[in-house]
Amino acid sequence: MPKNQATKKLTLKNQVQDFYNSAKVEKKWQEIWETKKLFHTDLKSKKGKPYYNLVMFPYPSGDKLHIGHWYNFGPADSWGRFMRMKGYNVFEPIGFDAFGLPAENYAIKTGIAPATSTAKNVKTMIRQLKELGAMYDWSHMVNTSEPDYYRWTQWLFLQMYKRGLAYKKKAPVNWCPGCKTVLANEQVQDGICDRCKSEVTKKKLAQWFWRITDYAEKLLDYSGLDWPEKTITMQKNWIGKSEGVNFRCKIKGFDYSFDVFDSVPQTFKAQTFSVIAADHPLLSKIMKGHSLEKKVMACAQRINKKKMAKRFDADESMEGIFTGHYIEDPYGTGDLPLWVASFAIMDYGCGIVNCSAHDERDFAFAKKYAIPLRPVMFPEDPIEAKKVKNLEYCYHHASDGILTTPEEFKGRRWGEVRQDMIAYFKKKKMGQRTVNYRLRDWLISRQRYWGAPIPIINCEKCGEMPVPEKDLPVVLPRIKNYKPKGKAPLATSTAFMNTRCPKCGGKATREPDTMDTFVCSSWYFLRYPSSTLKNKPFDPEILKTWSPVDMYIGGPEHACMHLLYARFVNRMLFDAGLIPSKEPFKRLVHQGMITKDGAKMSKSRGNVVSPDAFVQKYGSDVFRMYLMFMGPFTQGGDWNDKGIIGIVRFVQKIWKVLSGPSLAKISPESQRATHRTIKKVTENIENLHFNTALAALMELINEVTKEGLDQKHKKIVTQLIAPMAPHLSEELWALLNDTLDIKRGSESIFDQKWPKYDEKLIAESTINLVIQINGKLRGMVETTKLISKDDAFALAKMQPNVQRYLADQKIVKEIFVPGKLVNFVVR
RNA sequence: GCCCGGGUGGUGAAAUGGUAGACACGAGGGACUUAAAAUCCCUUAAGGGCAACCUUGUGUGGGUUCGAGUCCCACCCCGGGCACCA
């Protein structure tokens, strides 16, 4: 070998040693953490305040973990590590939402049985999650598709059943022809199935519901919750509370009476007609044998069909027809003609509404069909009032006009009169104060295989009854025909279906439906701390410490589904005295969404980016930090890997500075810079601003790279980076403590106290005094921070550029902001 | 239509009412190298000027203020949620 080649090889070897080898180091620490059980939280420990740090658990659908998961889980774990270093006893569990449509659809597509494919996907995801290197307490992992777990999901059903909160009802339900199952309202978007994008239709089937509507009012209480305002608003809108009055009404010539709801009852005297929903069951009854029957029913059918369609434009397709019937004079203003109208909906109130000139929609409908209107509320301006009288436009409630009738309220303002008016209805026995909600009961049964069987038995003699608790779980059998066919697949398994009645011992059959996945995920956070318990779903004693969840991080798309269901279930268990906490999640944070070329990542678009290749190439630390550095955690962003090299360089720079030789004594400048950085990083992480925390650290590293640091400050910097780069910092920590080769004996950096900064060191003695003239920057001068007002003005006026601007000018005003700037206002 | 977010360089983005563009990518130039990669140094909002500096500039138009990316009003655009709820 020629001599120069040998030297080259030697240099290269030195370079390799200088280089931080993430792949090797990360694997090493993941193994050490695991063997030392470093992140197995002692749930009964009295040391450190308990802190339950939770991410929404993933479902193993076969996509494996994608970039979005990393974007969520990485920072969430950094948060947990930060809290641990702040001295909290952090519990950070993980698990799998393994039952349900995504997993089953994947199984059907691949032709592998759901149990097998789910197990395989879970295994892959565990591998990926371990590569992430999060501080998950794997000893508390849950998998909702395992009997140990779903036994208690079934137990939860029985708790609901026991309290009359679970019931079976034949109901027109959302039916997805693609998934061949019914869907909850929440799973239908614009008439399209959330999962398979098929057009959803209505079908009348016997279904199981959970009475979430009983909890509508309780769920509106958000006191004590640190949740995004937006999410609270979304839930509130979804629950849709509306206060008003119910008026008892009846159809003339029939015995049918009902309560007509009015949320703006002040203009009740204006009501001149009434509308009924096209799908109202009463309609066919009152039309039977009527001369208009054919025409009316045809119109109703047309409306129903239109409403089912994908894009139903309310304004464009407004239509209706007179039924020939009347609502018997409810207000002493005469009978109201009853119309079928496209805008009346069956699902709200009683499906029949009384209409007036003071509602935009009613007004438009009346105009279209020339139905007489009679306004009772007018603007103050007489010219405008005349226009309203002539029905030139709809003068509606928001305008807060002056009422003309009834006599008792003449001349009073609409807005102000409300409560008095409601009292008046009560006194006159016309109507009752009522509250209506948009929220519907939660449809929890699914005619699908891959879910927790509903624990109900139907006895030929004794009828419907719950499976006794001691007989749980009702095990989901492995069957061949698991594919959806419109009927519950379990019904085809006689081995499953046939059973004995627990009461009389006679022949009985099981309920073949399974539960919605959202049932499984509605209580998993209660299971984590007690996941190893065999005879109970959870231990109330442990929950005294470990509920509610302190921090819950996940996507905003669950606002009206999972997050609402979990609150409902938690509240029901609380009311039953089974758990100590009223609410499940004390603090909630939504991570932003990661898109690819501006579009949501999805398998159907084929734009799902897998993290694996990046993790392999750059390591978990780099990949996590890159995702954090993209921008604010709650904002998300569009994925590209262009800048990842910047983080690679950053890691190498850190390695170089912190693993290199130490100074005997740090320079005052570097010391000050380090303390400033402690402050910045601490505050930034506290606000989940990981991007700026990293920027602050980059700034520091750039500043001290040349000169270097002493041992003490190297350790501080290592700690600061630790939440964001756990492997790198653990390696550096061992190196700095000279315990690199001891491994098991070394103390983890995550058991060290988070560094504190010295206020005195941060305080700058000198500042750059900003000099403005008419608010524009005209100069800057270095001076002491404590400079007085007069000295500052004098000093500023001495600056040459400032003098140029002040020459021949009259100073009208002088502004002084201590320690910051002066501003001369000149003319 | 209603309710939330958001609009800042070539790009991702920073900025308690007080120096707009920190940090990073990219780009341009230079050093090292036979060369490349890596690394290091310089420049980098636009326009003008040899320079000191100057002008313009945070979606648009107004306003408040000594001073506005930031506060107020109106509007435009993008993203998300809800949408016949009486």
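Computed from heavy atoms alone, side chains included, the values below leave out hydrogens, waters and symmetry copies. The sequence lines fix the lettering, A, B, ..., with proteins before strands; numbering per chain opens at 1.
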#### Entry: Those residues that, when tested against Asn801(A), pass side-chain hydrogen bond (donor to acceptor under 3.5 Å, both in side chains) (two or more places apart)
Arg804(A)
Short heteroatom pairs, N/O only, protein and nucleotides 3-9 of chain B, under 3.5 Å:
none

### Query
In the structure shown, which nucleotide is the Watson-Crick or G-U wobble counterpart of U39(B), with both distances under 3.5 Å?
A31(B)
### Query
Using atom P of each nucleotide, how far apart are G63(B) and U70(B) to the nearest Å?
14 Å
#### Entry: Donor + acceptor pair across side chains of Asn702(A), Lys653(A) (<3.5 Å)
yes
### Task
Measure from NZ or CZ of Arg440(A) to the centre of the six-membered ring of Tyr348(A), then state whether that distance is under 6.0 Å and the direction lies within 45° of the axis.
no
### Closest to the Met234(A) side chain, choosing from G12(B), G81(B), C82(B)
G81(B)
### Note, Phe268(A) side chain near Val245(A) side chain (heavy atom, < 4.5 Å)
no
### Message
Show me the pairs that pass ring pair (Phe, Tyr, Trp, His ring centres under 6.0 Å) and involve residues 685-705 of chain A, at least two apart or across chains.
### Response
none
If you look only at distance, which donor and acceptor atoms sit under 3.5 Å apart when one is on a side chain in residues 809-827 of chain A and the other is two or more places apart or in another chain?
unit_1: Glu814(A); atom_1: OE2; unit_2: Lys797(A); atom_2: NZ; d: 2.8
unit_1: Asn823(A); atom_1: OD1; unit_2: Asn774(A); atom_2: N; d: 3.4
unit_1: Asn823(A); atom_1: OD1; unit_2: Gly775(A); atom_2: N; d: 3.1

Enumerate all atom pairs, one protein N or O and one N or O from nucleotides 24-33 of chain B, separated by less than 3.5 Å.
unit_1: A24(B); atom_1: OP1; unit_2: Asn702(A); atom_2: ND2; d: 2.8
unit_1: C25(B); atom_1: OP1; unit_2: Arg649(A); atom_2: NH1; d: 2.5
unit_1: C25(B); atom_1: O2'; unit_2: Lys642(A); atom_2: O; d: 3.4

### Query
In residues 689-697 of chain A, which ones come under 4.0 Å of RNA chain B, going by heavy atoms?
Asn691(A), Thr692(A), Ala695(A)
### Task
Name all residues meeting the salt bridge (charged side-chain N to carboxylate O under 4.0 Å, His left out) criterion together with Arg248(A); count only those two or more places apart in sequence or in a different chain, and write none if there are none.
Asp259(A)
### Query
Do Phe247(A) and Tyr331(A) have ring centres separated by under 6.0 Å?
yes
#### Entry: Selection residues 775-787 of chain A - residue pairs positive for side chain to side chain donor-acceptor pair (under 3.5 Å), sequence neighbours left out
Arg778(A)-Tyr805(A)
### Query
So which nucleotide does G79(B) pair with, by the Watson-Crick or G-U wobble rule with both distances under 3.5 Å?
C4(B)
### Query
In the strands shown, is A46(B) matched to any nucleotide by a Watson-Crick or G-U wobble pair with both distances under 3.5 Å, and which?
U55(B)
### Query
Just how far is it from atom OG1 of Thr213(A) to atom CZ of Arg438(A), taken to the nearest 0.5 Å?
16.0 Å
### Message
So, does Arg361(A) get its side chain near the phosphate of A83(B), meaning an N or O under 4.0 Å from OP1 or OP2?
### Response
no
### Query
Which whole-number value in Å describes the distance from Tyr626(A) OH to A13(B) P?
10 Å
#### Entry: Length of the line joining Arg440(A):CZ and C85(B):C1', which is rounded to integer Å
9 Å
### Summary
Residues at least two apart in sequence or cross-chain that pass side-chain hydrogen bond (donor to acceptor under 3.5 Å, both in side chains) with Asn72(A), listed by chain then number, are none
### Message
Rounded to whole Å, how long is the line connecting atom NE2 of His558(A) with atom P of C82(B)?
### Response
13 Å
### Query
Among pairs that include at least one residue of residues 629-645 of chain A, which meet side chain to side chain donor-acceptor pair (under 3.5 Å), considering only residues two or more places apart or in two chains?
Thr595(A)-Asp638(A)
Would you tabulate the pairs of protein nitrogen or oxygen atoms and nucleotide nitrogen or oxygen atoms of nucleotides 17-20 of chain B closer than 3.5 angstrom?
unit_1: G18(B); atom_1: N2; unit_2: Gln772(A); atom_2: OE1; d: 3.0
unit_1: G18(B); atom_1: N2; unit_2: Asn823(A); atom_2: ND2; d: 3.4

### Distance, rounded to the nearest Å, where Met625(A) contributes CE and A13(B) contributes P
19 Å
### Task
Using a heavy-atom cut-off of under 4.0 Å over every strand shown, decide if Phe268(A) touches base, sugar-phosphate, or nothing.
nothing
#### Entry: Base partner of U64(B), which must satisfy Watson-Crick or wobble distances under 3.5 Å
none
### Message
Going by side-chain hydrogen bond (donor to acceptor under 3.5 Å, both in side chains), name the residues that satisfy it together with Asn768(A), two or more places apart in sequence or in a different chain.
### Response
none
### Query
Does CD belonging to Gln432(A) count more than 12 external heavy atoms closer than 6.0 Å?
no
